[in-house]
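In the text below, chain A, chain B and the rest are named by the order of the sequence lines, each starting its count at 1. The figures that follow rest on heavy atoms only: side chains count, while hydrogens, waters and symmetry mates do not. The structure displayed is predicted, hence computed values, not measured ones.
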Protein chains: 2
Amino acid sequence: MRDKLSACPVETTLLVINDRWKVLILRELLDGTKRFGELRKSIGTVSPKVLTSHLRSMEEDGLVDREIFAEVPPRVEYTLTELGDSLKPILDAMKDWGTDYQAKVKLKLKETNED
Amino acid sequence: MRDKLSACPVETTLLVINDRWKVLILRELLDGTKRFGELRKSIGTVSPKVLTSHLRSMEEDGLVDREIFAEVPPRVEYTLTELGDSLKPILDAMKDWGTDYQAKVKLKLKETNED
DNA sequence: CTGAATCCGCTTGGATACTG
DNA sequence: CAGTATCCAAGCGGATTCAG
């Protein structure tokens, strides 16, 4: 976990997940354990370098566990820790808002077409 | 509002508020209307350029209203729209999580000192 | 007071190639 | 497969100055 915190809880949260990639990683891992390659594909387009760096950062912050299997070919699995899982309410709120927003945009486009 | 959306609600939300500054602006404006200078001070340290550009972006996204008063000295007030206000649950979730996180860190530091 | 304009450095991310 | 290493481009944000 991070020791340097802001006095403001919102800012504290921002320190940990103020990042497009981290939010997307969270979204994926909330569905369950995933391998490196699975993550890469499901997130969309991320270079391995970027994905790795963000996963490492989330490990340091205690959000993600990394399990290495001594196999050939190699397998590495990423899982949310309890702390990482506790971010679910935020993701849920984002999902709810995004859903509403999409509906409003769709409605607006429809009205525009009817003019 | 933005017309280009992602299929994923979470990503849609990220398009609008995936930004440290925007979240902080939201936090401030959820308390009510504020002037440019007030925002600047309460957010911490932001150059006027950066604050302006983010406010403009949020205006375009329909989150913020900007009201100009023809006075000397000039006064400009920023207020959340209904859409902007509807982001409150996300901010609340972030606040809750940040509060818990701060408590955990404090507890951990205490334990460390007692060792 | 509220910005707009300019310059500039740094971080972030993308592409690519390579290794265990 | 799961990264690491390198290089490079673009964008973002900071500082500063100036204007209405």
Nearest-Å distance for atom pair [atom1]/[atom2], residues [X] and [N]:
| X | N | atom1 | atom2 | result |
| --- | --- | --- | --- | --- |
| Arg56(A) | dA2(D) | CZ | C1' | 9 Å |
| Glu71(A) | dG20(C) | CD | C1' | 15 Å |
| Leu51(A) | dA5(D) | CG | P | 16 Å |
| Arg40(B) | dT16(D) | CZ | P | 11 Å |
| Asn18(B) | dG11(D) | CG | P | 16 Å |
| Arg75(A) | dA2(D) | CZ | P | 9 Å |
| Ile68(A) | dG20(C) | CD1 | P | 16 Å |
| Phe36(A) | dG20(C) | CZ | C1' | 15 Å |

Choosing from [options], which nucleotide comes nearest the side chain of [X]?
| X | options | result |
| --- | --- | --- |
| Trp21(A) | dA2(D), dA15(D), dG14(C) | dG14(C) |
| Pro74(A) | dG13(D), dG20(C), dG3(D) | dG20(C) |
| Pro48(A) | dG13(D), dG3(C), dT4(D) | dT4(D) |
| Asp19(B) | dG3(C), dG13(D), dA2(D) | dG13(D) |
| Tyr78(B) | dG13(D), dG14(C), dG3(C) | dG3(C) |

Contact under 4.0 Å: His54(B) side-chain N or O vs dC12(D) OP1/OP2: no
Arg66(B) vs dG3(C): side-chain N/O to OP1/OP2 distance below 4.0 Å: yes
Smallest separation among heavy atoms of Thr12(A) and Leu5(A), with atom names: CG2-CD2, 3.7 Å
Is [X] reaching over with its side chain to a backbone N or O of [Y], donor-acceptor style, under 3.5 angstrom?
| X | Y | value |
| --- | --- | --- |
| Thr81(B) | Gly62(B) | yes |
| Glu38(A) | Thr33(A) | no |
| Asp61(B) | Leu63(B) | no |

Lys95(B) NZ: over 12 foreign heavy atoms closer than 6.0 Å: no
Nearest-nucleotide comparison on DNA chain D, the residue closer to the 5′ end among Lys49(A) and Arg35(A): Arg35(A)
